Number of protein chains: 2
Amino acid sequence: MNEASSGDTLLFLTDEQLRQGIEAMFFAYRGFTSAPDQILEGMDYGRAHHRALHFIARVPGMNVKRLLEILGVTKQSLNRVLRTLIEDGLVDSRVGTSDKRERHLFLTEKGRELEARLSDAQRRQMRSAYRQAGPDAVAGFRQVLEAMIEPQVRATYASLREGQG
Amino acid sequence: MNEASSGDTLLFLTDEQLRQGIEAMFFAYRGFTSAPDQILEGMDYGRAHHRALHFIARVPGMNVKRLLEILGVTKQSLNRVLRTLIEDGLVDSRVGTSDKRERHLFLTEKGRELEARLSDAQRRQMRSAYRQAGPDAVAGFRQVLEAMIEPQVRATYASLREGQG
DNA sequence: ATGTTAAGTCAGCCTTGTTGACATTCCAAG
DNA sequence: CTTGGAATGTCAACAAGGCTGACTTAACAT
């Protein structure tokens, strides 16, 4: 609500509107993570494992550096998670063919099973929300979310969509 | 928009669409929290302190039980945060008048200052996204988010909007 | 031969969540 | 008035998952 007091058309930018959006985002994110969290509790895994599984499933054969960029954590942090997934036989780490320094990550059958369970639960939750809100709302939802992604991260996000959009 | 396999109109519910939404949510949430996080880093506070300040600012005089419900954490977890905020003179905890077991929480001047800094930063971020996406998208965004909030939490969310919608 | 990159590891720290146990204070019902 | 239950606070211990710093190994690239 800066210059141009054009009243009506900018009402969606009032502080109160923004605050409601902020709170909706806070509560919705809890709902967003709750289904996979419930599956994971009791297992020795957490949200971090879920994220790793998700993106390895999404881009099979991706190397560690790429996964680090996507997740936005340090390699020490990722390594703790990745190690247990490899030890437990959910993830397969293969030496690169062209560049042997790299490790390429794949899900094993066991890994695919867990990832599928988690994804199904999360999609079910998401599908329900989408269905309630309808297609036009979903389009707007996506537009706002994409505008919220930080510029440095946007390239990473976009690259995930290429080739499988 | 419920069942009724009307083909085209349900394309927004495909697994691929849902997965994109899930990933957008993941990356967007990082953008959502980044501005306040940057302000807090270096201070002795974290995201949990921000959340407490936010809701105390939102509902001045609220008691601890209510705040616990909103935040969805254990009292031990909240207490650690709340104690430092009180000790540092950002939050004022007053014994209830009608029921003296309760403590009513208020921001001090100092607390209001920090909360305002954090809120301003987060609203700036949100406003930018809203502006890019436009009012119709924002309406859809809100609809989907609200549908994502878990039923048990929805009452809490709704009660925040009453009286100040 | 040298420098850089990818990956992994060890050690230690912080925040923020969790349980469980327990004390205090106060309201309300018997 | 006593007693049970509710609201709050606190201690201790623990776990997940972030972080930094330092260092190794292997492989690529010049």
Side-chain angles (χ1 to χ4, degrees), chain A residues 26 29-30 33-34 36-56 61-88 91-106, chain B residues 26 29-30 33-34 36-56 61-88 91-106:
Chain A
F26 169 67
Y29 198 77
R30 289 230 297 261
T33 55
S34 64
D37 281 358
Q38 263 177 279
I39 292 174
L40 289 165
E41 100 176 0
M43 301 202 213
D44 288 349
Y45 305 127
R47 216 175 274 182
H49 299 84
H50 176 199
R51 291 196 285 258
L53 290 175
H54 173 98
F55 287 108
I56 296 172
M62 123 200 294
N63 65 27
V64 175
K65 197 193 180 196
R66 185 94 177 75
L67 184 55
L68 282 171
E69 285 167 9
I70 291 174
L71 296 175
V73 299
T74 59
K75 69 176 170 178
Q76 294 92 328
S77 197
L78 173 59
N79 209 256
R80 186 166 33 198
V81 163
L82 218 42
R83 199 185 329 167
T84 68
L85 291 176
I86 292 170
E87 280 170 3
D88 295 354
V91 168
D92 191 11
S93 168
R94 301 183 205 155
V95 172
T97 47
S98 59
D99 187 336
K100 289 177 191 162
R101 289 171 303 180
E102 297 179 347
R103 301 301 145 88
H104 298 277
L105 303 169
F106 299 87
Chain B
F26 169 67
Y29 199 77
R30 288 231 298 261
T33 55
S34 64
D37 282 357
Q38 262 177 282
I39 292 173
L40 290 164
E41 100 175 1
M43 300 202 212
D44 289 346
Y45 305 128
R47 216 175 273 181
H49 299 83
H50 176 201
R51 291 198 283 257
L53 290 175
H54 173 99
F55 288 108
I56 296 171
M62 127 202 291
N63 65 27
V64 175
K65 196 191 181 197
R66 185 94 178 75
L67 185 53
L68 282 172
E69 284 166 8
I70 291 173
L71 296 176
V73 298
T74 58
K75 68 177 172 178
Q76 293 91 330
S77 195
L78 173 60
N79 209 256
R80 186 166 34 201
V81 162
L82 219 42
R83 199 187 328 167
T84 69
L85 291 174
I86 293 169
E87 281 170 2
D88 296 353
V91 167
D92 191 9
S93 168
R94 300 184 205 154
V95 172
T97 47
S98 59
D99 185 336
K100 289 176 191 163
R101 288 171 304 180
E102 297 178 348
R103 302 301 144 86
H104 297 276
L105 304 169
F106 299 87

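Letters A, B, ... mirror the listed sequences (proteins, then strands); counts begin at 1. Excluded from the calculations below are hydrogen atoms, water molecules and symmetry mates; all remaining heavy atoms, backbone and side chain alike, are included. Treat the numbers as computed from the prediction; the structure is a model and nothing was measured.
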Using a heavy-atom cut-off of 4.0 Å to chain B, what are the terminal contacting nucleotides of DNA chain C, in 5' to 3' order? dT16(C) to dC27(C)
Separation of [X] atom [atom1] from [N] atom [atom2], in whole Å?
| X | N | atom1 | atom2 | answer |
| --- | --- | --- | --- | --- |
| Glu41(B) | dT20(D) | CD | C1' | 13 Å |
| Asp44(A) | dA15(D) | CG | C1' | 11 Å |
| Met62(B) | dA7(D) | CE | C1' | 15 Å |
| Arg47(A) | dG18(D) | CZ | C1' | 13 Å |
| Asp37(B) | dG17(D) | CG | P | 18 Å |

Side chain to side chain donor-acceptor pair (under 3.5 Å) with Ser34(A): which residues, sequence neighbours excluded?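 Ser34(A) satisfies side chain to side chain donor-acceptor pair (under 3.5 Å) with Glu150(B) once adjacent residues are dropped.
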Across the strands shown, which category fits His49(B) at heavy-atom distances under 4.0 angstrom: base, sugar-phosphate, nothing?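 If one applies the 4.0 Å heavy-atom cut-off, His49(B) turns out to touch the sugar-phosphate alone, with no base involved.
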Atom pair [atom1] ([X]) and [atom2] ([Y]), whose distance is rounded to the nearest 0.5 Å:
| X | Y | atom1 | atom2 | result |
| --- | --- | --- | --- | --- |
| Leu78(B) | Lys65(B) | CG | NZ | 14.0 Å |
| Arg66(A) | Leu105(A) | CZ | CG | 12.0 Å |
| Arg51(B) | Ile56(B) | CZ | CD1 | 13.0 Å |
| Asp92(A) | Leu85(A) | CG | CG | 12.0 Å |

Testing Arg103(B), His104(B), Arg83(B) for side-chain contact (heavy atoms from CB on, under 4.5 Å) with Ser93(B), which one passes?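 Among Arg103(B), His104(B), Arg83(B), the one meeting side-chain contact (heavy atoms from CB on, under 4.5 Å) with Ser93(B) is Arg103(B).
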Of Arg51(A) and Arg103(B), the one whose closest nucleotide on DNA chain D sits nearer the 5' end is Arg103(B)
What donor-acceptor contacts under 3.5 angstrom involve side-chain atoms of residues 38-50 of chain A, with partners at least two apart or in another chain?
residue, atom, partner, partner atom, Å
Tyr45(A), OH, Asp88(A), OD2, 2.4
Arg47(A), NE, Asp37(A), OD1, 3.3
Arg47(A), NE, Asp37(A), OD2, 3.3
Arg47(A), NH2, Thr33(A), OG1, 3.4
Arg47(A), NH2, Asp37(A), OD2, 2.6
His49(A), ND1, Gly46(A), N, 2.9
His49(A), NE2, Thr84(A), OG1, 3.3

Restricting to ring-ring contact (aromatic ring centres under 6.0 Å, His included), what partner residues turn up for Tyr29(B), sequence neighbours left out?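 Partners of Tyr29(B) by the ring-ring contact (aromatic ring centres under 6.0 Å, His included) criterion, ordered by chain and then number, come out as Tyr29(A), Phe32(B).
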Write down the atom of Arg30(B), the atom of Glu69(A), and the distance for their closest heavy-atom approach. NH2-O, 4.4 Å
Could you tell me which non-hydrogen atom of Met62(B) sits nearest to which non-hydrogen atom of Phe55(B), and how far apart they are?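 Between these two residues, the closest heavy atoms are SD-O, 4.0 Å.
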Could you run down the sub-3.5 Å N/O contacts of the protein with nucleotides 27-30 of chain D?
residue, atom, partner, partner atom, Å
dC28(D), OP1, Lys100(A), N, 3.0

Sub-4.0 Å heavy-atom contacts from residues 72-82 of chain A onto DNA chain D, ordered by number: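 Per residue number, the list reads Gly72(A), Val73(A), Thr74(A), Gln76(A), Ser77(A), Arg80(A).
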For the residue pair Val91(A) and Val81(A), establish whether any side-chain heavy-atom pair is separated by less than 4.5 Å. no
